[in-house]
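Some notes on the structure that comes next.
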Amino acid sequence: MYKADAGASTTPELTPRQRALVELFEALSEDRQREILAALEDKKRLDQVNRMEADLQELRAAFKKLSDSA
C-alpha cells in the first residue's frame with residue numbers, strides 16, 4: 001500500500017509575503033479578521049465587475065465595427 005512521505009506537504013509553501021500576511025491576520029481579533037475578509041471579498045467582486053464591464057465594452061466595439069462595415 002502507498003504511504004505518503006511524512007515530510008511531504010499537501011499544500012504549497014507560502015511565500016514570505018504570504019507568511020507575513022497570515023501572521024498579521026492571525027494577530028487580529030476575530031471581528032477585525034471578519035472585517036478584512038469582507039473587504040477583500042468586496043474588492044474581488046468589484047474586480048470581477050470591472051473585468052465584465054471591459055469585456056462588454058470590447059464586445060460593443062466589435063459589434064459596432066461589424067455594424068459599420070455592413
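Everything numeric in this text was worked out from a predicted model, so none of it was measured. The first residue of the sequence shown is numbered 1, and numbering continues consecutively from there.
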For I36, enumerate each residue passing the side-chain contact (heavy atoms from CB on, under 4.5 Å) test, keeping only those at least two apart in sequence or located in another chain.
F25, L28, L40
Salt bridge (charged side-chain N to carboxylate O under 4.0 Å, His left out): pairs with one or both residues in residues 59-70, sequence neighbours excluded
K64-D68
Enter the distance from D42:CG to L37:CG here, rounded to the nearest 0.5 Å.
11.0 Å
Sequence neighbours excluded, the answer for salt bridge (charged side-chain N to carboxylate O under 4.0 Å, His left out) partners of E26 is none
Would you please name every residue forming a side-chain contact (heavy atoms from CB on, under 4.5 Å) with Q48, sequence neighbours left out?
K44, R45, R51
For F63, the hydrophobic cluster (side chain heavy atoms closer than 4.5 Å, chained through members) also holds none
L66 side, atom CG; L59 side, atom CG - distance, nearest 0.5 Å:
10.5 Å
Only counting residues at least two apart or in another chain, list the ones meeting side chain to side chain donor-acceptor pair (under 3.5 Å) with E35.
R32
What I want to find out is whether R19 reaches E23 closely enough, with some N-O distance under 4.0 Å, to be called a salt bridge.
no
